[in-house]
Amino acid sequence: MRCVIARFPFDLTKSEVEQSMEGIRPEPAVGSCVTIDRRVYPVKQVGQVITRQDRRDFTAAEVSRALTRLGFTCHEAAPAPQEHTDPSTLPWADHSLG
């Protein structure tokens, strides 16, 4: 499929993108992400690998649009789990309720 990323045309296929990302370790998922072979990558990381361009040259929306057209699932990163806070450390915990 032909797509334009950062004003440059690319002919991409789903299998080529999967192959390009095969040996790449996913960076921490932040913002727009894509799932490729059960791994979650930031779309900017995938864009950099498949276009060989600097990440500042394209937007996450451009890459997300191209990846979605190829059949990948793009989504926002899951929020980081919040740390469990020990209730006795809360500022109001020094007062007895009973």
Side-chain angles (χ1 to χ4, degrees):
M1 178 196 73
R2 189 170 199 80
C3 61
V4 176
I5 299 173
R7 299 183 309 274
F8 291 97
F10 294 93
D11 288 315
L12 301 171
T13 65
K14 186 173 184 173
S15 60
E16 288 173 336
V17 173
E18 290 170 336
Q19 187 177 15
S20 295
M21 298 307 294
E22 206 166 79
I24 307 290
R25 171 177 274 142
E27 294 174 359
V30 177
S32 298
C33 295
V34 60
T35 301
I36 300 174
D37 292 332
R38 292 175 288 176
R39 291 179 299 212
V40 177
Y41 294 91
V43 293
K44 288 278 214 163
Q45 179 184 13
V46 176
Q48 183 178 25
V49 171
I50 64 176
T51 66
R52 296 186 179 99
Q53 294 179 324
D54 189 284
R55 295 178 192 201
R56 295 172 291 182
D57 294 340
F58 54 83
T59 66
E62 289 177 290
V63 180
S64 294
R65 202 169 23 255
L67 294 172
T68 299
R69 287 179 55 203
L70 287 171
F72 292 103
T73 302
C74 293
H75 49 87
E76 289 300 310
Q82 295 190 2
E83 292 182 28
H84 176 70
T85 304
D86 180 8
S88 65
T89 63
L90 297 173
W92 57 84
D94 58 348
H95 301 290
S96 165
L97 294 176

For this session: Apply salt bridge (Lys or Arg N to Asp or Glu O under 4.0 Å) to Arg7 and list each qualifying residue two or more places apart in sequence or on a separate chain.
Result: none

Problem set entry | CZ-NZ distance between Arg69 and Lys14, expressed to the nearest 0.5 angstrom | 14.5 Å

Problem set entry | Of all pairs that satisfy side chain to side chain donor-acceptor pair (under 3.5 Å), the ones with a partner from residues 18-31, not counting sequence neighbours | Glu27-Arg55

For this session: Go through Val17 and Phe72 one step at a time and tell me if the side chain to side chain contact (heavy atoms under 4.5 Å, CB included) criterion holds.
Result: CA-CA 10 Å; Val17 173; Phe72 292 103; 3.9 Å; yes

Problem set entry | Pairs where residues 31-40 contributes a residue and the test salt bridge (Lys or Arg N to Asp or Glu O under 4.0 Å) is met, not counting sequence neighbours | none

Problem set entry | From CG (Asp57) to OG1 (Thr51), nearest 0.5 Å | 8.0 Å

Problem set entry | Distance in Å, Gln53 CD paired with Phe58 CZ, rounded so as to fall on 0.5 Å steps | 6.5 Å

Exercise. When rounded to the nearest 0.5 angstrom, what distance separates OG1 in Thr59 from CZ in Arg65?
Worked result: 6.0 Å

For this session: Is it possible for you to say whether Ile50 and Val4 belong to one hydrophobic cluster, with membership spreading through side-chain heavy-atom contacts below 4.5 Å?
Result: no

Exercise. Same cluster for Phe10 and Val34 if Ile/Leu/Val/Met/Phe/Trp/Tyr side chains link at under 4.5 Å?
Worked result: yes

Problem set entry | Residues in side-chain hydrogen bond (donor to acceptor under 3.5 Å, both in side chains) contact with Glu76, at least two apart in sequence or another chain | Ser32

Seminar exercise, completed: Nearest heavy-atom approach of Asp11 to Glu16 is O-OE1, 3.6 Å

For this session: For Arg2 and Pro9, work out which heavy atoms get closest and say how close.
Result: NH2-CB, 3.5 Å

Exercise. By side-chain hydrogen bond (donor to acceptor under 3.5 Å, both in side chains), which residues pair with Asp54, not counting sequence neighbours?
Worked result: Arg56

Problem set entry | Test side-chain contact (heavy atoms from CB on, under 4.5 Å) applied to Thr68 - qualifying residues, sequence neighbours left out | Cys74

Exercise. If two hydrophobic side chains count as joined below 4.5 Å and joins carry through other members, does Val40 share a cluster with Val43?
Worked result: no

Exercise. Do you reckon Val46 sits in the same ILVMFWY cluster as Ile24, going by side-chain contacts under 4.5 Å, direct or chained?
Worked result: yes

Problem set entry | Euclidean distance, Leu12 CG relative to Leu67 CG, rounded to 0.5 Å | 8.0 Å

Exercise. Got a sec, which hydrophobics cluster with Val30, joining ILVMFWY side chains under 4.5 Å apart, including via others?
Worked result: none

Exercise. Can you name the residues that form a side-chain hydrogen bond (donor to acceptor under 3.5 Å, both in side chains) with Arg52, not counting sequence neighbours?
Worked result: none

Problem set entry | Minimum heavy-atom distance Cys3-Ala66, with the two atoms named | SG-CB, 3.8 Å

